[in-house]
> 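Here it is: the structure, laid out below.
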Amino acid sequence: MEKETQRRTRGGRRRQREGDASHPKPQRAVNYRQLKNPFPTMDVFSADEIANMHDTALRTLEELGIKVLLPEARRVFAAGGARVDESTEMVYIGRDMVEAAIETAPKSIKCRAGARDRDFTLELGSLVFQAGAGAPNATDRERGRRPGSARDYVEYLKLTHHFDVFQMISPQVEPQDIQTHLRHYFTTEAQFTHSDKFPFVFARGTPQVMDCFEMTRDFRGLSDAEFQASPHCYTIINTNSPRTLDIPMAQGLIDFARHGQMSIVTPFTLMGAMAPITVAGAITLSHAEALSAITLTQLVNPGAPICYGTFTSNVDMKSGAPAFGTPSHFQASLAAGQLARHIGLPWRSAAGSAANTNDVQAANENQFGLWGCLMSGATVIIHAAGWLEGGLSVSYEKLVTDAEVLNMVAELCSGNRAGPDEIGFGNAISEVDPSGHFFATSQTMERYNTAFYEPVVHDYANFGTWTERGAKDANTRATEVWKAILAEDARPAIDGDRLAQLKAHIAKRTAEGGAPPES
């Protein structure tokens, strides 16, 4: 990377060379912030098979039930007509309840970010990317693998903010050097001061969630009614497969639904471990668990924003370790997409990698998993960049190299044109004699600055030029990219008074002892 002569936009596209203001370089008019999936969906099962899987999921909830550990959630289910066995904590949900919940769950969700030009809508056909998330460790080539810290959280946040292709702030990397009863203050302030994208809140008990809602409401300058009218933040709810909804996750579903904020329900089912070994069986179980969580939110608040989700792959049967980017992972995404379309809800899928370092295996797994999501019509694709070790680490270099691929997908989302100017009979084809070249045609001269995507980290130089520049591989170049981004430290505009109020609130709540991660 030519650090002295080139700078990059947040979309990863280069700005004009410094000192060359007399020849400003036009930017490609591609909106990375609101994307539509341009690819036709691909099916792995027939329509009859999908209908049978949906019916089997309903039968599972009706006959086998789901274990719900939170008493309040069991009371909500009972009030809605479910059969509840308090002695076993089992809840048996009738299909009529599920169908009613599907009916009231919104098919389109307008998500309100910190800036209006970063708002987006979740619905079938839209496309949103998140960086790899929820890892206990961070890694890069200069400092190695380490437990996640506050510094890592902020750095990873700056990197993900830089690239417009990430429209949502993910759960990031866990800042383990911040005490758990204060951690949500740190992550909330960091998100608001380093990004204006759609923020994430961990569902770690009502006290912390209410703190985060209050901080979000006040920092955005909203009334209670305005806050509850649209989702201004979101959480991710993982069921405990098989067929268990634990206390913090059930409480999170209730709290977010009650206050009009969005939950993304994501059963994490591994074929052969926490789910049947077949794609059809694993996805059917995942579907049943997701439907139970969706039903809970709609019983609490009909119309509450809820995003259907699944994260299903297989295990390595030799070691029992999770595997990602496999054919089964790809097929599971396709099946989940079919079920999401069957019920008509926006949905979340995931890419990811089980590789231990940012190598060819990591790239192959992430891209194969990514294409499974794209071909399945996923609305939100989490772990789309930076994820290693099946989620145990996030890599700075991998975030950059994966963002390159996502940028190219975003370019495809903009489509193309084939009008007279694009076909170019008069301004290109007719201007060139046989055996000539098109470098100097009117069409080329008009478009050469904007015709093609310019890479963030890929190097298209020939071998000789590449060697003269130091023969840097992609990982080396990616290190230079992330270091340059962190050195730039670009931040969104912040209202000084609201920031002061946020800091005062955090100081007050910290002095009062914070909020424990409990329901």
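Nothing fancy with the numbering, it's 1 onward along the sequence.
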> Verify side chain to side chain contact (heavy atoms under 4.5 Å, CB included) between H161 and D196, making sure each step is shown before the conclusion.
CA-CA 8 Å; H161 176 73; D196 53 4; 3.3 Å; yes

> Is it true that D255 and Q251 share a donor-acceptor pair across their side chains at a distance under 3.5 Å?
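Note: Q251 and D255 side chains meet the donor-acceptor criterion.
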
> Between T297 (side chain) and I294 (backbone), is there a donor-acceptor pair under 3.5 Å?
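Checked: pair present.
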
> Any side-chain heavy-atom pair from P136 and L392 closer than 4.5 angstrom?
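In contact.
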
> Using atom types as modelled and distance alone, determine if a side-chain donor or acceptor of N356 lies under 3.5 Å from a backbone N or O of E389.
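The answer is no, because no donor-acceptor pair under 3.5 Å joins these two groups.
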
> Among pairs that include at least one residue of residues 488-519, which meet ring-ring contact (aromatic ring centres under 6.0 Å, His included), considering only residues two or more places apart or in two chains?
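Residue pairs with at least one partner in residues 488-519: there are none.
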
> Can R220 be said to sit on top of F192's aromatic six-ring, NZ or CZ under 6.0 Å from centre and within 45° of the ring axis?
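That pair qualifies as a cation-pi contact.
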
> Whether the side chain of R112 engages the backbone of F227 through a donor-acceptor N/O pair (distance < 3.5 Å, no angle test) should be reported.
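No: the side chain of R112 does not pair with the backbone of F227.
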
> Check for a donor-acceptor pair, side chain of E397 on one end and backbone N or O of S395 on the other, with a separation under 3.5 Å.
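Answer holds: no.
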
> Hey, are S393 and T139 close enough side-chain-wise for a donor-acceptor pair under 3.5 Å?
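Absent: no donor and acceptor within the cut-off.
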
> If you compare all heavy atoms of G325 against all heavy atoms of F368, which two are closest, and at what distance to 0.1 Å?
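Heavy-atom minimum between the residues: O-CD2, 3.3 Å.
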
> Using the six-membered ring wherever Trp is involved, compare the ring planes of H329 and F324 and label them parallel, tilted or perpendicular (cut-offs 30° and 60°).
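If you compare the ring of H329 with that of F324, the planes turn out perpendicular.
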
> Can E289 and S241 be said to form a side-chain hydrogen bond (donor to acceptor under 3.5 Å, both in side chains), step by step?
CA-CA 8 Å; E289 294 177 1; S241 302; 2.7 Å; yes

> CD1/I102 to OG1/T295 distance, rounded to the nearest 0.5 angstrom?
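I102 CD1 to T295 OG1: 7.0 Å, rounded to 0.5 Å.
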
> Does the distance from a Lys or Arg side-chain N to an Asp or Glu carboxylate O, for D152 and R146, drop under 4.0 Å?
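Counted as a salt bridge, because a side-chain N and a carboxylate O are separated by less than 4.0 Å.
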
> Which value, rounded to the nearest 0.5 Å, describes the distance between I306 atom CD1 and Q298 atom CD?
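If we round to the nearest 0.5 Å, I306:CD1 and Q298:CD are 7.0 Å apart.
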
> Can you establish whether the number of heavy atoms outside E226 located under 6.0 Å from its atom CD is more than 12?
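Enclosed: over 12 neighbouring heavy atoms sit under 6.0 Å from CD of E226.
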
> Centre-to-centre under 6.0 Å for H287 and Y308, is that the case here?
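Under 6.0 Å, so yes.
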
> Report yes or no: does Q208 contribute a side-chain atom to a donor-acceptor pair with the main-chain N or O of T180 at less than 3.5 Å?
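Yes; at least one donor-acceptor contact below 3.5 Å.
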
> Hey, are E123 and K36 close enough for a salt bridge, meaning a charged N less than 4.0 Å from a carboxylate O?
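A salt bridge is present here (some side-chain N lies under 4.0 Å from a carboxylate O).
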
> Consider only side-chain N and O atoms of Q130 and S170, and report whether a donor and an acceptor are under 3.5 Å apart.
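Per modelled atom types, Q130 and S170 side chains form no pair under 3.5 Å.
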
> Taking only Lys NZ, Arg NE, NH1 and NH2, and the carboxylate oxygens of Asp or Glu, determine whether E174 and R204 approach each other closer than 4.0 Å.
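Looking at E174 and R204, the cut-off is met.
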
> Do T235 and Q261 get their side chains close enough for a donor-acceptor pair, meaning under 3.5 Å?
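No.
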
> When you check the gap from the basic side-chain N to the acidic O, do R143 and E155 get nearer than 4.0 Å?
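A salt bridge is present here (some side-chain N lies under 4.0 Å from a carboxylate O).
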
> Using only atom types and a distance under 3.5 Å, with no angle test, would you say the side chain of W387 pairs donor to acceptor with the backbone of A133?
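Side chain of W387 to backbone of A133, a donor-acceptor pair under 3.5 Å: yes, one is there.
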
> Run the ring-centre check on F213 versus F256 and record whether the distance is less than 6.0 Å.
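Ring centres of F256 and F213 closer than 6.0 Å.
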
> Any salt bridge linking E72 with R258? Criterion: basic side-chain nitrogen under 4.0 Å from a carboxylate oxygen.
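Salt bridge between E72 and R258, a charged N being under 4.0 Å from a carboxylate O: yes.
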
> So, does N366 use its side chain to make a donor-acceptor pair with the main chain of G352 at under 3.5 Å?
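Pair found, side chain donor or acceptor close to backbone of G352.
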
> Begin with the C-alpha distance, continue with both residues' side-chain angles, and end with the deciding distance and a verdict on salt bridge (Lys or Arg N to Asp or Glu O under 4.0 Å) for D459 and K472.
CA-CA 9 Å; D459 188 344; K472 298 174 182 177; over 6 Å; no

> Counting N and O atoms only, with roles assigned by atom type, does the side chain of Q167 sit under 3.5 Å from a partner on the main chain of Y32, one being a donor and the other an acceptor?
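Confirmed, Q167 side chain pairs with Y32 backbone.
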
> Does S126 use its side chain to pair, donor to acceptor, with the backbone of T121 at less than 3.5 Å?
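Yes; at least one donor-acceptor contact below 3.5 Å.
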
> Hey, could you give me the CG/OH distance between N358 and Y396, rounded to the nearest 0.5 Å?
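N358 atom CG to Y396 atom OH measures 14.0 Å (nearest 0.5 Å).
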
> Return the minimal non-hydrogen interatomic distance between P171 and I382, and the atom names on each side.
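Scanning both residues, the minimum pair turns out to be CD-CD1, 4.4 Å.
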
> Counting N and O atoms only, with roles assigned by atom type, does the side chain of K110 sit under 3.5 Å from a partner on the main chain of S230, one being a donor and the other an acceptor?
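Not confirmed, K110 side chain does not pair with S230 backbone.
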
